[in-house]
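These values consider heavy atoms only, across backbone and side chains, with no hydrogens, waters or symmetry-generated copies.
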Amino acid sequence: MIAYLGLGSNLGDRLQQLRKAVTALSKRLSTICVCSSVYESSPWGYTEQPDFLNLVVSVRVGMDPWQLLEVCHQVESDLGRRARPRWHEREIDIDILLAGSLTLREPQLTIPHPALRERDFVLVPLLEVEPHLVDPQNGRPLSDYLSKTPALKLYHEGALAC
């Protein structure tokens with residue numbers, strides 16, 4: 001199964017945090033297929049914090065979504081993520097955006113990511129990685145959800161270390 005992970009950081013050396021996360025994920029998952037460029041965006045939810053750097057990676061996984069979630073949490077922990085209120089700053093944040101055509105709605109894991117359709121900072125790099133993705137819940141192209149003028153800028157073109 002191909003899964004798509006969204007990575008973000010807005011504390012410390014943001015680009016280095018993303019590099020470390022991509023490297024750690026590639027060691028644990030073995031197969032990172034594609035890595036997007038890095039984009040900078042304003043914070044979402046709670047806005048009194050530094051801007052974020054975001055990217056998306058696609059990974060080929062032979063595990064269930066719960067195991068993938070555990071890998072994501074372990075990488076976050078290894079890179080020093082501290083518990084903070086929802087939508088606050090993050091050393092690193094790794095979200096499962098999509099996992100094949102799977103749909104899942106559990107208290108600890110929802111796939112597709114519940115805010116995927118609302119966040120250009122996820123949609124832009126996701127569609128850079130795979131332009132023809134569709135919403136597994138309704139079959140609509142994910143590109144239909146992009147705002148007319150996404151409020152983010154290209155920060156680092158091309159893959160970091162995929």
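- The hydrophobic clustering, which links ILVMFWY residues whose side-chain heavy atoms are closer than 4.5 Å, places L127 and L154 together.
- Judged by the 6.0 Å and 45° rule, R14 forms no cation-pi pair with F52.
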Under 3.5 Å donor-acceptor pairs involving side-chain atoms of residues 99-112, not counting sequence neighbours:
none

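- Hydrophobic clustering (ILVMFWY, side-chain heavy atoms < 4.5 Å, transitive): L142 and V34 are in one cluster.
- No side-chain heavy atom of R140 sits less than 4.5 Å from a side-chain heavy atom of R117.
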Inset, instruction - Show your working on side chain to side chain contact (heavy atoms under 4.5 Å, CB included) between E128 and S37 and close with a plain yes or no. - result: CA-CA 8 Å; E128 177 185 327; S37 299; 3.0 Å; yes
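- When all heavy atoms of Q49 and E89 are compared, the pair lying nearest together is OE1-N, 2.7 Å.
- Summarising the geometry, atom SG belonging to C35 is positioned 10.5 Å from atom CZ belonging to R19; distances are rounded to the nearest 0.5 Å.
- Taking each heavy atom of L152 and F121 in turn, the nearest pair found is CD1-CA, 4.0 Å.
- Both I2 and L133 belong to a common hydrophobic cluster when Ile, Leu, Val, Met, Phe, Trp and Tyr are linked at side-chain heavy-atom distances under 4.5 angstrom.
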Inset, instruction - Carefully, step by step, assess M63 and V71 under the rule side chain to side chain contact (heavy atoms under 4.5 Å, CB included). - result: CA-CA 10 Å; M63 60 181 67; V71 168; 4.2 Å; yes
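- Side-chain atoms of N54 and V38, non-hydrogen and from C-beta on, never get closer than 4.5 Å to each other.
- At distances below 3.5 Å, at least one donor-acceptor pair connects side-chain atoms of Q67 with backbone N or O atoms of D64.
- For the pair L55 and Y39, the minimum side-chain heavy-atom distance is 4.5 Å or more.
- Closest non-hydrogen pair, A3 versus L68, comes out as CB-CD2, 3.7 Å.
- Cluster membership check: L69 shares its hydrophobic cluster with V57, using side-chain heavy-atom separations under 4.5 Å among Ile, Leu, Val, Met, Phe, Trp and Tyr.
- Residues L5 and L25 meet the side-chain proximity criterion, which asks for heavy atoms closer than 4.5 Å.
- Shortest non-hydrogen contact noted between D51 and S42 is OD1-CA, 3.5 Å.
- Side-chain N or O atoms of T31 include one that pairs as donor or acceptor with a backbone N or O of R60 at under 3.5 Å.
- The shortest non-hydrogen separation linking L53 to L15 is CD1-N, 3.6 Å.
- Between I96 and P65, the shortest heavy-atom contact is CD1-O, 3.8 Å.
- Proximity of L116 to D135: side-chain heavy atoms (C-beta onward) are nowhere separated by under 4.5 Å.
- A donor-acceptor pair shorter than 3.5 Å cannot be found between the side chains of S41 and D120.
- Under the 4.5 Å side-chain heavy-atom criterion for ILVMFWY residues, no single connected hydrophobic cluster contains both V134 and L97.
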Would you give me the side-chain donor-acceptor pairs under 3.5 Å for residues 75-84, sequence neighbours excluded?
unit_1: E76; atom_1: OE2; unit_2: R81; atom_2: NH1; d: 3.0
unit_1: E76; atom_1: OE2; unit_2: I94; atom_2: N; d: 2.6
unit_1: D78; atom_1: OD1; unit_2: Q74; atom_2: NE2; d: 2.7
unit_1: D78; atom_1: OD2; unit_2: R28; atom_2: NH2; d: 2.4
unit_1: R81; atom_1: NH1; unit_2: D93; atom_2: OD1; d: 2.7
unit_1: R84; atom_1: NH1; unit_2: E91; atom_2: OE1; d: 2.9
unit_1: R84; atom_1: NH1; unit_2: E91; atom_2: OE2; d: 3.1
unit_1: R84; atom_1: NH2; unit_2: E91; atom_2: OE2; d: 2.9

